[in-house]
Every structure is written in C-alpha cells, then in structure tokens.
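To start, the structure itself, in structure tokens.
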Amino acid sequence: MPMPKSSPSRTLVIVESPAKAKTIEKYLGQGYAVESSVGHIRDLPRSAADIPEKYKGQAWARLGLDVEHDFQPLYVVSPEKKQKVAQLRKLAAEADEIILATDDDREGESIAWHLYQELKPKVPVKRMVFHEITREAIQAAIAAPRQIDRNLVEAQEARRAVDRLYGYEVSPVLWRKVAPKLSAGRVQSVATRMLVERERERMRFVSATWWDVLVTAQAGEQTFPARLTEVQGERLAAGKDFDPLTGGLKPGAGVRLLGEAEALSIAGGLKGQTLKVLSAEEKPFTSRPPAPFITSTLQQEGSRKLRMSAQTTMRTAQRLYEGGYITYMRTDSTNLSGEAVNAARTQVKDMYGAAYLSPQPRVYAKKSKNAQEAHEAIRPAGSTFRTPEGLRGELSGDEWRLYDLIWKRTVASQMSDARGRSLRVRLGGQTADSVPVVLNASGRTIDFPGFLRAYVEGSDDPAAALEDRDTPLPPLKEGDVVQAQDVKAEDHETQPPARFTEASLVQALEGAGIGRPSTYASIIGTIQDRGYALKKGTALVPSWTAFATSALLEHHFGTLVDYDFTAKMEEDLDEIAGGRESRVPYLRRFYLGEDGQGMALRPLVERQMGEIDARGIATITVPKLEGSGIEVRVGRYGPYMQRGEDKANLPEDMTPDELTLEVAEELFSRPQGDRVLGEDPESGHPVLARAGRYGPYVTLGDENPPLRSASLFPGEKLEDLTLDRALKLLTLPRLVGTSEGEEVWAHNGKFGPYLKRGGDSRSLATHEQLFTVTLPEAEAIFQQPKFRGRGVAAAPLATYEYEGRTPILLKSGRFGPYLTDGEKNATLRKGEDVNTLDPQRARDILEERGKEPQKKPGKAGAKKATGTKAANNKANNKAAGGKTGTRKAAAKPAAKTTPARKTASKTAKASPSKAAPLTWAQLKPFVGVLSDAERALVTATREQGRKVEEVAPELGLDVKKAKGMALQASKKLNQAARQG
DNA sequence: CAGTGAGCGAGCTTCCGCTTGACTT
C-alpha cells in the first residue's frame with residue numbers, strides 16, 4: 001500500500017470549463033484542487049474509425065446504439081479527449097474525495113456521470129451544483145452535496161439517442177434520394193425548413209402599389225408631418241389591406257385604393273389649405289427595460305448593433321469570459337445573482353442618480369421555452385462592475401464594444417421605467433375643389449428617459465425603429481387650425497416578408513425551443529456547410545438543395561420537421577427526468593414503433609427508401625412558373641430548368657425567389673443557358689462551354705446535337721476556359737497515324753485518355769498525351785498487354801519490407817492511396833497521411849483492416865453453415881490466410897474441395913451487387929422482407945411476367961414510382977437472399 | 001442535361017451538445 005502523501009486531505013473538484021475552474025479554485029483555497037473536463041468526455045462513436053474492433057461486425061455499430069438490446073449506448077472517449085481523461089484519472093487517484101461540480105442541467109448531469117464511469121474512482125464521490133460563481137454560492141453548494149441523478153442522466157441519454165437515430169437514419173435517405181453528404185437532424189432540418197418556408201412565401205408574393213399624400217403641416221412656428229388616411233369618408237388602402245398572394249386588395253377590406261393621378265390631384269388641391277384638428281389624443285406610456293442578456297439576445301443585439309455574426313459575438317464573448325470580464329456566455333437564464341443586482345444598482349445610483357434606479361430590484365422571469373437555467377444571465381463579472389470607460393485601454397475594439405453592450409444592458413435592467421406620452425392627431429379639411437379629406441399625425445414625447453439613458457434595444461425592422469423615435473408634435477387641441485404648407489404624393493409598394501438573418505433565425509429557433517445556447521452559432525454554420533443556405537449580406541438564403549431536402553422531409557418524414565417536434569421531445573424527456581417514464585420504452589416507440597405506437601422511425605425509413613421518387617423530389621415547385629410547363633430540378637451538377645426537351649442551367653448565384661417567368665424565359669432564350677466562348681475561325685460556328693450530365697464540356701455549334709463536343713480535362717474549370725483551349729480540346733479525337741493497316745486514334749473517354757486501334761484499346765497515362773503521343777509511342781503502348789499500361793501511375797508510391805513477411809506496397813488507386821501485400825488491401829483513411837507512414841504503421845493498418853472484407857460473408861450465417869456458406873469460408877481462408885490457408889485447403893480431400901472452391905471463389909470475388917443474379921425461385925422465400933406494395937409488384941412482374949407499367953395503376957402507384965420501388969425491392973430481396 | 005472502351009483494393013458521408021486549444025496560412 002502506498003504511503004499517504006505528506007499533504008493534508010485533498011479534494012478534487014471537476015467542473016466543465018477551465019476558466020470556471022480557475023475562479024472556483026480561488027474561492028475554495030487550501031485542500032481543493034479544481035480541474036475541468038472541458039465539456040463532454042465521451043460520446044457515441046462518430047464514424048467507423050471510432051468504433052472499437054470488437055463491435056465492428058455488429059449491425060447496429062454504425063448507429064453506436066444496440067437498438068435490439070434496450071438501445072444500449074456504446075460510449076467511446078474521443079481521441080482528442082484521451083489525454084484529458086488520463087490526466088483526470090491520475091488526479092482522481094491522488095485525491096481523498098471527488099466532487100463532480102458540472103452544470104446543473106441535463107448535459108451537466110450526464111457529464112458528471114460519464115466522469116464517474118470513466119474515472120472509476122476508489123474514493124467517495126459527491127455531486128454538487130451552483131448557478132452563480134460567487135463565493136457564497138459555491139460555499140453553500142459545498143455544504144449541500146447530493147448524488148448523481150440517474151433519471152436526469154437517462155433523460156440526457158434518451159435525447160442523445162433520438163438525435164443520433166434521427167441524424168444517422170434520415171441522412172442516408174438524403175444521400176440516396178437527393179445528393180451525397182447531405183444531412184438531416186432534429187435542429188438543422190427545422191432551421192432549414194424555416195428558411196425554405198419563408199422563401200416560399202417570398203416566391204409566392206405578388207407586390208402591390210398604392211399611393212397616399214404626405215403633408216408638412218404648420219402650427220405656429222412648428223411643423224410636423226401628417227399623412228392622408230381618408231378621402232370622402234373612405235379609408236385609404238395601406239400595406240396591410242393587400243393580399244400577399246395576389247397583390248390585390250383583400251376581400252371585404254372596404255377601403256379606397258388611390259392611384260397616381262388621384263393622389264397627385266389631391267396633393268395639388270391640398271397645398272396651402274387650412275386643416276382643422278378633429279381630435280387630439282394623448283396617452284401616457286411607460287416602458288420597461290429588457291431583461292439581461294442570454295445567449296440568444298446577445299447574438300441578436302450583437303448583430304443589430306455591432307454587425308457581428310453569431311460566431312464572432314460568441315468568440316468575442318468567450319475571450320471576455322476567459323479574461324474574467326463577464327460571466328458565462330452560454331446561458332438561457334435571465335436571472336442575475338444577488339451580487340450582480342447590488343453591483344448594478346450601486347452603479348446606477350453613482351452614475352445616473354437615485355431617480356434612475358428602479359424602486360425595487362427587478363427580477364426577470366424565465367424567458368425561453370425549454371430553458372434549463374444552469375447559469376446566470378450574461379453580465380459584467382464580479383461584485384463591482386468595471387465601467388466600459390475604465391477598460392478602454394485594456395480590451396480590443398470588438399471586445400470593448402461587446403463589453404460596453406453587456407454592461408449597458410445589465411445596468412439598464414435595474415433602472416427605472418421610461419415614461420412618456422404618445423400623441424395622435426386627426427386633421428380634417430378639403431382640397432381646393434372641395435374633396436373632403438382626413439389626415440393623421442402621431443408622435444411620441446419622452447418625459448423621463450429612465451433606462452433609455454443607458455440602453456435602447458435594437459430592432460430588425462427599420463420602419464419600426466423610425467416609429468419608435470422620439471417625434472414630438474406641437475401641443476394641439478381640438479378645434480385648432482394648421483396650414484398644409486408642403487404637400488407630396490407618395491407611392492408605396494408592399495414588401496414580401498423579410499428573409500431570416502442569423503439573429504432572427506436564432507430567435508425563431510429559440511422561440512420554438514429548438515437548439516441550445518451552445519449550439520445556436522454552429523447551427524448556422526452547419527446549414528451553410530451542407531449547402532442548404534448561403535449568406536447574402538446579412539440575409540440567409542436557402543438553396544435549391546434546401547428546397548429539395550425540405551420537400552422530401554415534409555412529405556415523407558413530416559413529424560420530424562414539425563416545429564414542435566423538439567417541444568414534444570422535451571416533454572417526454574421531462575417525464576424521464578422526473579422518473580415517471582423510462583428511456584427504453586420511449587426509444588422503442590420512437591425507433592421501432594412497436595404496437596403501432598410512436599414515430600416508428602426505422603420501419604418508416606425502410607419504407608421510404610423504396611418509395612420515395614428521387615426525380616420527383618428533385619423537382620421543385622416554383623409558384624411563378626406554374627402552368628408554364630417549366631420544371632426546376634436539382635441535378636448532379638446543380639439546379640436547372642426543363643421544358644420539354646429544352647434545358648437551361650440556373651446561375652449559381654440566383655436565389656430561388658429571383659426566378660420569375662421572365663427570368664426563366666430569358667435563360668431559355670440564351671443558347672442552352674451556356675457561355676459562348678467565341679467563334680471557330682475555320683468553320684464560323686460558335687464554341688460553347690457547357691455543364692453536362694457527365695461534367696463540363698465544350699461544343700462546336702449551338703444546335704442539338706452539336707457538330708462536335710469534347711470533355712474538359714480533370715481540374716479544368718468552365719469559368720476559366722478560353723476559346724483557344726476549347727478549340728484545342730475540340731481537335732479530339734486525334735488521328736495519330738496508321739499502324740498495321742488500322743487507324744490509331746487518341747480519345748478522351750469516360751475512363752480517361754486512351755488509344756484506339758480497330759477493336760483494340762489502351763489507356764494513356766496522362767491527358768496531355770492525347771495531344772503529344774506519336775505513332776511509334778502508340779505502337780509501343782499497343783505492344784504492352786492490356787490493363788498494365790497505366791504507365792507511371794502503376795508503380796508503387798512506396799515499398800515497406802519486412803522479415804518473414806511479404807512486402808507491403810503503397811499504391812495510388814481510384815479511391816486514393818492504399819496499402820496492399822497482394823492478398824489484402826486497405827485504403828488509407830483520412831487522418832492517415834502518406835508521408836507519416838512507416839513500415840510498422842503500414843503493417844498495423846493492413847493487418848487490422850485487411851481482414852475486414854472476409855468478415856462480411858461469414859457473419860450472417862455463422863451459426864448454420866450451409867453448403868454454400870462452408871464453401872465461402874474455405875475461400876475466405878484461402879484469401880485471408882495466404883500460405884496457411886492453402887495448406888488447410890490442400891489437406892481436404894481433393895474431390896470435395898475442387899467443386900466447392902470453384903463456386904466459392906466466384907461468389908467471394910464479386911461484390912454482392914455484381915454477383916450473378918439469383919433466380920426467382922431463390923428469391924421467393926424472402927418476400928417477407930418487403931412491404932405489401934413491394935411484394936405485390938414483385939410477384940406480379942416476376943411470377944406472372946407482367947410489366948411494371950401495367951401493374952402500377954392497379955396498385956394505385958405512379959409508374960415512375962413503381963419502377964423505383966421495383967428496383968429497390970429487387971435489391972432488398974437479393975440482399976436478404978444472399979445473407980440467408 | 002452530351003456519349004466513347006475495360007476493369008480495378010472500397011470506405012465513408014451524417015446527428016446534437018458540452019467545452020477549448022492545437023494545428024496551419
């Protein structure tokens with residue numbers, strides 16, 4: 001047993017953030033060591049590389065949850081956290097007691113539990129929580145420890161599981177039906193949908209114009225603006241009276257629409273007229289200061305007032321937090337600690353005087369849905385706030401401006417209400433030719449600014465900001481007269497709903513209880529990274545891909561993109577946290593959907609994989625093109641339009657709402673919407689750069705089909721293609737010469753450059769050789785056997801030699817660099833750099849992964865080895881074991897081995913999809929894996945030999961859809977049959 | 001969305017939340 005350390009008892013306290021650890025250590029002093037976990041330390045494996053070898057063969061491993069056994073999560077310490085965990089483990093071993101002091105919310109509880117699991121402490125462990133980092137709060141927390149709340153942890157695990165299952169099950173549907181590498185998730189898919197729905201409104205929007213008259217009225221020395229609102233007793237139409245879908249007046253609006261001529265005539269007739277005050281109403285108002293900052297409001301104001309992106313705001317706030325200038329910046333609580341309230345109130349009194357202090361300390365209620373309130377509001381740190389002025393030299397520009405904002409908002413929150421009066425005046429009169437009119441004027445007077453001295457909240461709407469301004473009216477009363485001094489007719493246009501900005505999207509998400517303070521900024525990053533949105537100025541504009549993705553999710557996974565999906569999930573999680581419901585049944589309902597209950601995600605995904613018509617989903621409804629026969633579709637090379645045979649690409653920078661019928665016609669009228677590079681000097685035909693199904697290419701002539709066409713070489717871009725280069729490409733295929741009585745041509749083909757002589761062909765090593773290869777060179781290449789003439793590319797990049805082992809070669813292949821020893825292959829994964837490989841590492845990689853391919857056929861039927869299976873295994877032994885395997889096989893009686901090996905090597909060599917097709921008799925026993933519709937379709941086509949076109953209507957299916965379904969069903973069947 | 005000749009090592013993409021550096025340009 002090790003001797004006890006000479007120091008007295010030692011308690012290890014673990015919190016989440018290093019900056020917090022530093023502060024707390026100061027308050028705790030002797031006997032306490034405070035460390036941080038730096039967030040979560042374990043998680044479900046992110047991808048195959050993170051899955052422990054032991055679980056790799058499991059069907060559920062890709063999800064990281066054993067969905068067949070109570071959704072048992074597979075937790076792994078992420079590589080970047082390994083060091084952290086080792087350090088904590090060491091400190092834990094040296095401590096006499098451990099206190100887990102992570103945040104008091106679902107995630108914090110979970111972090112504490114993971115720490116407990118991972119550190120496996122042998123000393124007493126306590127859990128403590130505090131909501132403010134003040135000496136008193138921490139000492140109180142130390143005095144009242146508790147245990148880890150397993151129910152809360154279960155709720156977190158349920159949340160984690162739902163997010164994983166949603167993300168990892170639905171994303172693959174998008175890869176298959178829309179485009180690879182897309183993603184779906186509980187938060188991002190709703191965020192994207194919000195952008196798309198707003199954009200759809202904009203696309204449907206029809207703008208309208210109306211006129212009114214602005215009068216500058218004079219009352220004594222003062223002038224003020226008044227606007228025409230009634231003519232001949234009828235109210236004039238304004239923005240709200242128009243239907244955004246038609247641009248016409250809403251039915252039953254009962255208003256008068258003023259045209260230009262009439263407005264000008266009234267304006268002319270009003271000049272110099274006398275107007276009488278019909279009524280003058282004055283209403284007092286008070287307004288209260290906004291609540292102290294939480295993450296979302298900080299991001300909003302950072303954007304409105306400082307023009308900072310959500311990310312910049314957070315990065316700057318992080319620096320302020322780490323420097324000890326502000327409290328924690330990721331919070332959803334508007335609560336201020338007692339210390340903060342005192343500090344704010346003292347400062348108000350000192351700087352603005354007692355009159356500006358709110359009589360009672362203000363307490364702000366919980367602001368957002370699903371708030372967890374583990375921290376305070378964002379405020380200046382400490383028990384006395386440092387003034388912005390005092391920090392001028394100490395902080396950088398952005399830091400100072402953000403601190404100033406936080407300071408003002410915090411101080412203002414303890415100041416008195418602003419008081420003032422709003423005034424509304426109605427003026428009556430008539431034009432020179434006796435048309436009776438009424439005008440309105442309104443103004444606001446601030447009598448006592450209160451908190452406005454320190455802080456005015458920003459607005460996203462410039463018009464609203466103007467209205468809010470302090471606009472005084474002269475003191476008018478009923479019966480007074482004023483003069484219409486200056487008169488102007490004005491036209492107005494209705495505006496479509498504004499696009500979301502980062503700030504307003506965060507606000508909308510928060511309003512729906514979606515996302516957390518720590519993720520608001522990254523949500524915006526995610527939807528941009530996936531190509532769902534791009535920024536135009538401050539606006540977030542959804543892409544065509546976003547339209548396709550959102551449509552797919554709305555039509556086929558509607559529940560998942562409901563705005564209240566998260567809200568419902570939160571309710572369930574609360575039940576779990578409260579111990580009234582359990583994680584496993586909840587997840588069962590969500591994922592498996594037993595007894596027809598719940599979301600039933602897995603069956604739904606399986607069904608939709610077969611049923612969703614990819615082409616239909618890629619076709620986007622554009623309201624303004626309806627009835628025109630034009631379809632917009634997202635293709636492999638971006639969005640394009642189609643009308644009959646005609647196609648036209650949509651410019652990359654065109655946003656969906658910019659596509660009107662006129663624009664579409666204009667794009668169609670351009671020759672194929674492609675770029676004309678110039679004219680071929682020899683033939684006089686135009687030369688075009690185009691983007692085709694098989695990539696970028698150039699054509700000679702703009703008709704269809706063109707006179708000639710040629711693909712660009714890899715790496716060449718359409719944008720920087722010149723006429724000279726295009727003409728050179730169009731010289732292909734090139735006649736190299738005549739050899740053995742046949743012409744030798746150099747072609748640029750589907751698989752790259754190659755030479756063709758009669759029926760024979762050879763690949764070329766580089767594209768440039770197409771222009772340079774000479775006849776003797778070509779003849780030499782034809783002398784080489786086929787498929788070995790890949791030139792330099794075929795040589796290994798490196799060779800690693802070993803004693804007692806065949807050398808390992810590093811080769812460059814279609815899928816990038818890979819290792820091979822002639823029997824096993826292993827593609828290098830990302831993170832495995834060619835330059836850092838050494839013989840040791842190369843062997844490790846190959847031995848670890850080279851085995852994998854043999855596992856697949858073996859695992860499905862491991863228990864019952866049928867004849868085919870047994871044969872398979874033998875073949876595998878041979879492939880995997882090299883010499884050993886051969887010896888084993890040879891030991892078997894030859895008569896048995898030979899036929900078995902023949903079949904086996906055939907199956908083993910080809911991948912499942914390439915293997916010889918199975919007969920209907922072989923497939924039929926497996927129709928149970930199909931849905932009803934699929935089964936009906938397959939039976940009709942394969943058993944009765946009928947055509948899909950014929951069967952589809954009977955099943956109530958679209959022909960296109962049915963074809964897709966048939967294909968899918970056949971895949972499923974084959975897969976099921978091969979797996980036994 | 002153009003249309004030309006074969007045959008090869010697959011393996012991975014993706015979620016949401018909690019936290020900061022360690023990297024390069």
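Just so it is clear: chains get the letters A, B, ... in the order the sequence lines come, proteins before strands, and each one is counted from 1.
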Gap between atoms CD1 and P, on A:I111 and B:dT20 respectively (whole Å): 11 Å
Residues A:R530 and A:Q188: side-chain donor-acceptor under 3.5 angstrom: no
Quiz item: A:R46 side-chain donor-acceptor pair to B:dC15 base, under 3.5 Å: no
Nearest listed nucleotide, side chain of A:Q318, among B:dT20, B:dG5, B:dC16: B:dT20
Length of the CD1-C1' vector between A:I523 and B:dC16, whole Å: 9 Å
Side chain of A:D163 - closest among B:dC12, B:dC16, B:dT19: B:dC16
Sugar-phosphate, base or nothing in reach of A:Y520, heavy atoms under 4.0 Å: nothing
Per-pair stack call A:W175 and B:dT14, 5.5 Å, 30°: no
Minimum-distance nucleotide (side-chain atoms of A:S709 versus B:dC15, B:dT13, B:dA2): B:dA2
Sugar-phosphate, base or nothing in reach of A:T102, heavy atoms under 4.0 Å: nothing
Sugar-phosphate only, base, or nothing, as touched by A:G515 at under 4.0 Å among non-hydrogen atoms: sugar-phosphate
Residue met sooner reading DNA chain B from 5', once A:V187 and A:Y321 are mapped to nucleotides: A:V187
Sugar-phosphate only, base, or nothing, as touched by A:S17 at under 4.0 Å among non-hydrogen atoms: sugar-phosphate
Residue A:S761, side-chain heavy atoms: nucleotide from B:dC18, B:dG5, B:dC16 that is nearest: B:dG5
Spacing between A:R42 atom CZ and B:dC16 atom P, to the nearest angstrom: 22 Å
Nearest-Å distance for atom pair NZ/P, residues A:K20 and B:dC18: 12 Å
Touch class at under 4.0 angstrom, heavy-atom based, for A:L819 against every strand present: nothing
DNA chain B: 5'-proximal contact among A:K181 and A:M329 (nearest heavy atom): A:K181
Distance test, side-chain N/O of A:S518 to OP1/OP2 of B:dC18, below 4.0 Å: yes
Touch class at under 4.0 angstrom, heavy-atom based, for A:G185 against every strand present: sugar-phosphate
Salt-bridge present (A:K84, A:E35; N to O < 4.0 Å): yes
Separation of B:dA22 C1' from A:Q83 CD (nearest whole Å): 11 Å
OP1 or OP2 of B:dC18 under 4.0 Å from side-chain N/O of A:T519: no
Sugar-phosphate only, base, or nothing, as touched by A:R160 at under 4.0 Å among non-hydrogen atoms: base
Sugar-phosphate, base or nothing in reach of A:P172, heavy atoms under 4.0 Å: base
Pair A:K56 + A:E53: basic N to acidic O under 4.0 Å: yes
A:F565 and A:F590 aromatic ring geometry - parallel, tilted or perpendicular at 30°/60° bounds: tilted
Shortest side-chain distance from A:Q188, nucleotide among B:dC16, B:dG5, B:dT20: B:dC16
Side-chain donor/acceptor contact of A:R159 with base of B:dC16 under 3.5 Å: yes
Selection from B:dT19, B:dC15, B:dG5 that lies nearest to any side-chain heavy atom of A:K756: B:dG5
Sugar-phosphate, base or nothing in reach of A:R516, heavy atoms under 4.0 Å: sugar-phosphate
Plane angle bin for A:Y75 and A:H114 - parallel if under 30°, tilted between 30 and 60°, otherwise perpendicular: perpendicular
Residues A:R106 and A:E157 bridged, charged N to O under 4.0 Å: no
Spacing of A:Y168 atom OH relative to B:dT13 atom C1', expressed in whole Å: 9 Å
Side-chain ion pair, A:R757 and A:E742, N-O less than 4.0 Å: no
Distance below 4.0 Å between A:R330 side-chain N/O and B:dT20 OP1 or OP2: yes
Touch class at under 4.0 angstrom, heavy-atom based, for A:D103 against every strand present: sugar-phosphate
A:E631 CD to B:dC1 C1', straight-line distance once rounded to whole Å: 13 Å
Sugar-phosphate only, base, or nothing, as touched by A:A19 at under 4.0 Å among non-hydrogen atoms: nothing
Touch class at under 4.0 angstrom, heavy-atom based, for A:Y166 against every strand present: nothing
Lys/Arg N to Asp/Glu carboxylate O, A:D163 vs A:R159, below 4.0 Å: yes
Under 3.5 Å donor-acceptor pair, A:S711 side-chain atoms to B:dA2 base atoms: yes
Sugar-phosphate only, base, or nothing, as touched by A:S183 at under 4.0 Å among non-hydrogen atoms: sugar-phosphate
Rounded distance in Å - NE2 (A:H40) to P (B:dT20): 13 Å
